[in-house]
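Basis for what follows: all heavy atoms, side chains included, without hydrogens, waters or symmetry-related copies.
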There are 2 protein chains.
Amino acid sequence: MRVIGGKWKGSILWHLQDGPVRFNELSRQLGGASKKMLVQRLTEMEQQGLVKREVISERPIAVTYEITGFGRTALGVLEQLKDWAIEYDI
Amino acid sequence: MRVIGGKWKGSILWHLQDGPVRFNELSRQLGGASKKMLVQRLTEMEQQGLVKREVISERPIAVTYEITGFGRTALGVLEQLKDWAIEYDI
DNA sequence: CAGGATCCAACGTGATACTG
DNA sequence: CAGTATCACGTTGGATCCTG
């Protein structure tokens, strides 16, 4: 729960599924999330090994976040959870 | 996540596995949980259909909480989560 | 562009005391 | 026994402004 719980981590992993995404793009995709929130979650997820942060360029700075192998296993668990939620209509 | 997330729900379901448990007994089994917390979680879980509350006697009042069929499916999902957590040593 | 710093409101939580 | 009520507190999150 510490690793995959909370309101945003699942959505973040989901949006990183198909390749690296830049910070602001991710921010847009996640609609209701403030930038501060997103920074907090991403930092946390990087330390937990769920995502990998990569600086693409400086001036102007560009950063991408990419899901790791471990992150994909977490996403798998979340898929199980989703199937269960759908099955019981929650 | 709304249904099985958080710090306590998993433990509560776990302790109800083998039959109904009274409030205070559950409180003792869950060590660090305050009574207030426990009431909140149990009320919430009753409304979500995870547990069933039953008044056994009044004066002195006795109440038990029992896991429902739906609660057992939730426990199943949590088992998956646990296996994953163990596999990756979190 | 990708954050960091700051301020403030809302919420969750624990401790304690009380009740039918 | 199984809660309810109240308060004090720390944490969390959003909003806003700032920066290399």
Mark yes or no for whether B:T68, through its side chain, and B:K52, through its backbone, hold a donor-acceptor pair below 3.5 Å.
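Pair absent, no side-chain N/O of B:T68 close to backbone of B:K52.
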
Hey, does the side chain of B:S57 reach the backbone of B:P60 with a donor-acceptor pair shorter than 3.5 angstrom?
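Such a contact is found between B:S57 side chain and B:P60 backbone.
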
In whole angstroms, how far is the [atom2] atom of [N] from the [atom1] atom of [X]?
X	N	atom1	atom2	value
A:E54	C:dA2	CD	C1'	15 Å
B:N24	D:dG3	CG	P	9 Å
A:L38	D:dT12	CG	P	17 Å
B:I56	D:dA2	CD1	P	10 Å
A:L26	C:dC1	CG	P	14 Å
A:R22	C:dG3	CZ	P	10 Å
A:E58	C:dC1	CD	C1'	11 Å

Hey, which sits more toward the 5' end of DNA chain D by its nearest nucleotide, B:T43 or B:R28?
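Looking at DNA chain D, the more 5' nearest nucleotide goes with B:R28.
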
Strictly below 4.0 Å: does [X] bring a side-chain N or O up to OP1 or OP2 of [N]?
X	N	answer
A:Q40	D:dG13	yes
B:R53	D:dA2	no
B:R41	C:dT13	yes

Classify the ring geometry of B:W84 against A:F70: parallel below 30°, tilted from 30° to 60°, perpendicular beyond 60°.
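B:W84 vs A:F70 ring planes: parallel.
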
Please determine whether side-chain contact (heavy atoms from CB on, under 4.5 Å) holds for the pair B:M37 and B:W8, giving the CA-CA distance in whole Å, both sets of side-chain angles, and the decisive distance to 0.1 Å.
CA-CA 9 Å; B:M37 264 290 309; B:W8 293 107; 2.8 Å; yes

Once each nucleotide of nucleotides 14-20 of chain C is scored for protein heavy atoms under 4.0 Å, what B/S/- sequence comes out, 5' to 3'?
BB----B

Side chains of residues 40-47 of chain A: which donor-acceptor pairs under 3.5 Å do they make with residues two or more places apart or in other chains?
{"residue": "A:R41", "atom": "NE", "partner": "A:E44", "partner atom": "OE1", "Å": "3.1"}
{"residue": "A:R41", "atom": "NH2", "partner": "A:E44", "partner atom": "OE1", "Å": "2.9"}
{"residue": "A:T43", "atom": "OG1", "partner": "A:V39", "partner atom": "O", "Å": "2.7"}
{"residue": "A:E44", "atom": "OE2", "partner": "A:K9", "partner atom": "NZ", "Å": "2.9"}

Within residues 19-39 of chain B or reaching into it, pairs that qualify as salt bridge (Lys or Arg N to Asp or Glu O under 4.0 Å) - sequence neighbours excluded:
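Not a single pair qualifies under salt bridge (Lys or Arg N to Asp or Glu O under 4.0 Å).
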
Given side-chain contact (heavy atoms from CB on, under 4.5 Å), test A:Q17 with A:L75 step by step and report yes or no.
CA-CA 9 Å; A:Q17 257 187 116; A:L75 200 49; 3.3 Å; yes

